[in-house]
Amino acid sequence: MAQIQVQRQQAAATGAAAPPPPQSMPTQNGMAGGVATGPIPLGSTSLYVGDLDLNVSEAQLADLFGQVGQLVSIRVCRDQTTRRSLGYAYINFTNGQEAARALELLNFTPLNNSPIRIMYSHRDPSLRKSGAGNIYIKNLDKAIDHKALHDTFSAFGNILSCKVATDASGQSKGYGFVQFDTEEAAKNAIDKLNGMLINDKQVYVGPFLRKQERDSSTSNTRFNNVFVKNLSESTADEDLKNVFGEYGSITSAVVMRDGDGKSRCFGFVNFENADDAAKAVEALNGEKFDDKEWFVAKAQKKSEREQELKGRFEQKYQGLNLYIKNLDDTISDEMLKEMFSEFGTVTSCKVVRDPSGVSKGSGFVAFATPEEASRAINEMNGKMIVSKPLYVAHAQRKEERRARLQVQ
DNA sequence: ATTGAGCGG
């Protein structure tokens, strides 16, 4: 296992006094000062084991967990029809001490080369969904594995789940996650470890934010780079500099051009300071130059742009795109298209696959008209294909689905 | 630089 050292960042480098080290180790089981702080069931005998390689069997788990205590039951959860492992299992012990010991001793043990991740079984998903107490760590030394990360952060509170992001070969990607059972523990870990050196690398430790939250917190607020479109073909870099220069100091102004040097009628202007960029957007958006009404706004990052285009794409396919599941593994894109072509013009068609190319048993089919799509739902939903009844419905965006699931 | 996924009988 990786040996970790946490050091204080040199005072000269941070310009701030280092905070004192944590004074005491927290007690077991989410108890602090005798008061339960977290949702961990005291004395629980039931463990959830995730991140399982799909070929891990009950027998392998019995061999491993049986070494620690007496088992009541073991179950690898599987798809009802394919019997393929869902990558998680339940292990039930006769008593809580054994379960606790198994969690402590066996967490991150590799089975079929993949470290397993053990948690107490907690069937109520509300805490998992809320993400409270979840933190993100980046700039981690590659030598730091799951266990080392866990050991480092367990000083701040009870950890429900912990993981270093890894590539297919198990190599660390240099960032990871720690889910504490309380926000207080998470806050404490952030206060104490953000900016510290771990194995000589200065780590960032902060609250976990979903991609969307991150985009809106970082880029929506302040920006230096301005996007301008609907330029006349004759507008050149110099013209942008002149017009935008009225609002502040500019570091660059560029009209984008194709290979022949012909203007693509949009460009970017970068301001030295964000207030000036905002002023320019406010003043120039919608103004007319050479009879062209300029669109002026904060320049989007590539990721934001892609996100927006995706949204538009989905809107365009509203009512036309169908979501298919319970699809037999052997069905290819071409077969799927053929299956649905009798209801109309299939404009796009895709089987969802995992990174190794294995079908995930779901897919999307889009039609040219909403009528064709509706007919396909009526005719194909529930139809037996190879061995299973197909599920066919209108595709929903992820956010819509999440919202619906929360209501139910 | 890199902001998961996830709970049965």
Side-chain angles (χ1 to χ4, degrees), chain A residues 39-41 44-54 56 58 61 65 71-80 83-93 99 103 107-108 114-142 144 146 149-150 153 159-181 186 189-190 193-194 198 201-220 301-304 306-307 354-355 360 398 401-402 405-406:
Chain A
I40 292 194
S44 171
T45 56
S46 186
L47 299 179
Y48 165 91
V49 184
D51 293 351
L52 290 179
D53 173 88
L54 298 192
V56 168
E58 276 86 354
L61 293 169
F65 284 84
L71 304 178
V72 174
S73 67
I74 291 193
R75 176 189 185 85
V76 171
C77 294
R78 300 176 184 280
D79 179 283
Q80 285 221 338
R83 304 306 298 156
R84 194 149 38 131
S85 165
L86 296 172
Y88 65 90
Y90 292 95
I91 316 279
N92 297 306
F93 282 91
L103 176 35
N107 203 6
F108 310 122
S114 302
I116 63 174
R117 183 167 51 92
I118 311 175
M119 302 167 68
Y120 280 105
S121 167
H122 206 270
R123 298 174 78 169
D124 174 4
S126 51
L127 182 89
R128 287 195 290 274
K129 281 190 175 151
S130 83
N134 200 7
I135 66 174
Y136 166 72
I137 302 109
K138 71 175 168 181
N139 207 28
L140 274 177
D141 187 274
K142 303 267 197 228
I144 295 173
H146 307 297
L149 188 69
H150 189 282
F153 282 84
I159 295 175
L160 298 182
S161 164
C162 165
K163 182 154 148 179
V164 172
T166 55
D167 63 21
S169 72
Q171 169 76 226
S172 165
K173 292 203 221 168
Y175 63 94
F177 310 90
V178 177
Q179 167 83 64
F180 286 100
D181 65 346
I190 292 167
L193 285 187
N194 184 30
I198 301 184
K201 291 195 72 165
Q202 188 179 7
V203 294
Y204 166 86
V205 183
F208 169 76
L209 298 175
R210 297 194 182 280
K211 211 181 182 76
Q212 273 197 337
E213 297 170 304
R214 233 175 91 239
D215 284 349
S216 57
S217 69
T218 54
S219 48
N220 256 346
K301 288 189 211 146
K302 198 176 176 200
S303 64
E304 297 170 307
E306 281 167 354
Q307 186 78 27
D354 71 17
K360 292 178 87 171
K398 237 187 198 156
R401 241 187 59 227
R402 206 178 292 140
L405 290 171
Q406 273 166 7

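These values consider heavy atoms only, across backbone and side chains, with no hydrogens, waters or symmetry-generated copies. The structure displayed is predicted, hence computed values, not measured ones. Chain letters run A, B, ... following the sequence lines, proteins first and then strands; every chain starts at 1.
Under a cutoff of 6.0 Å and an axis angle of 45°, A:Lys138 and A:Tyr204 form a cation-pi pair.
The heavy-atom pair separating A:Ile135 from A:Ala186 by the smallest distance is CG2-CB, 3.6 Å.
Distance NZ (A:Lys129) to C1' (B:dA5): 12 Å, rounded to an integer number of Å. Separating the NE2 atom of A:His150 from the P atom of B:dG4 is a distance of 20 Å, rounded to the nearest angstrom. The separation between A:Ile118 atom CD1 and B:dA5 atom C1' is 16 Å, rounded to whole Å. In this structure, the OH atom of A:Tyr48 is 7 Å from the C1' atom of B:dA5, given to the nearest Å. Between the P atom of B:dG8 and the CG atom of A:Leu47 lies a distance of 15 Å, rounded to the nearest Å. Summarising the geometry, the separation between CD1 on A:Ile74 and C1' on B:dC7 is reported as 16 Å, rounded to the nearest angstrom. Rounded to a whole Å, the CZ atom of A:Arg117 is 11 Å from the P atom of B:dA5. Distance A:Leu52 CG to B:dG8 P: 15 Å, rounded to the nearest Å.
A residue-by-residue look at A:Leu140 and A:Ser161 shows that A:Leu140 has its nearest nucleotide of DNA chain B further toward the 5' end. Comparing A:Ile91 and A:Ile135, the nucleotide of DNA chain B nearest to each residue sits closer to the 5' end for A:Ile135.
Here A:Asn92 lies in heavy-atom contact (under 4.0 Å) with a base. Residue contacts for A:Asn139: at a heavy-atom cut-off of 4.0 Å it reaches a base atom on one of the strands shown. Within 4.0 Å (heavy atoms only), A:Phe208 reaches at least one base atom of the nucleic acid. Across all strands shown, A:Asp51 has no heavy atoms under 4.0 Å from either base or sugar-phosphate atoms.
In this structure, A:Tyr175 does not pack face-to-face on the six-membered ring of B:dT2, missing the 5.5 Å centre cutoff or the 30° plane limit. Stacking of the aromatic ring of A:Tyr90 onto the base of B:dG8 is found: the ring centres lie under 5.5 Å apart and the planes are inclined by under 30°.
Between A:Arg75 and the phosphate of B:dG9, there is a side-chain N or O to OP1/OP2 separation shorter than 4.0 Å.
Minimum atom distance to the side chain of A:Lys163 is reached by B:dG4, of the listed B:dT3, B:dG4, B:dC7. Among the nucleotides B:dT2, B:dC7, B:dG4, the one closest to the side chain of A:Arg123 is B:dC7. Distance from the side chain of A:Lys138 is smallest for B:dT2 among the nucleotides B:dT2, B:dG8, B:dG4. Across B:dG6, B:dG8, B:dT2, the shortest atom-to-atom separation from the side chain of A:Met119 is found for B:dG6.
Not counting sequence neighbours, A:Arg75 has no partner by the side-chain hydrogen bond (donor to acceptor under 3.5 Å, both in side chains) test. Remark: A:Asn107 engages no residue in a side-chain hydrogen bond (donor to acceptor under 3.5 Å, both in side chains) (not counting sequence neighbours).
Taking CG from A:Leu47 and CZ from A:Phe65, the interatomic distance works out to 6.5 Å, rounded to the nearest 0.5 Å.
At a cut-off of 3.5 angstrom, the base of B:dG4 holds no donor-acceptor pair with the side chain of A:Arg128.
There is a side-chain donor-acceptor pair under 3.5 Å between A:Ser46 and A:Asn92.
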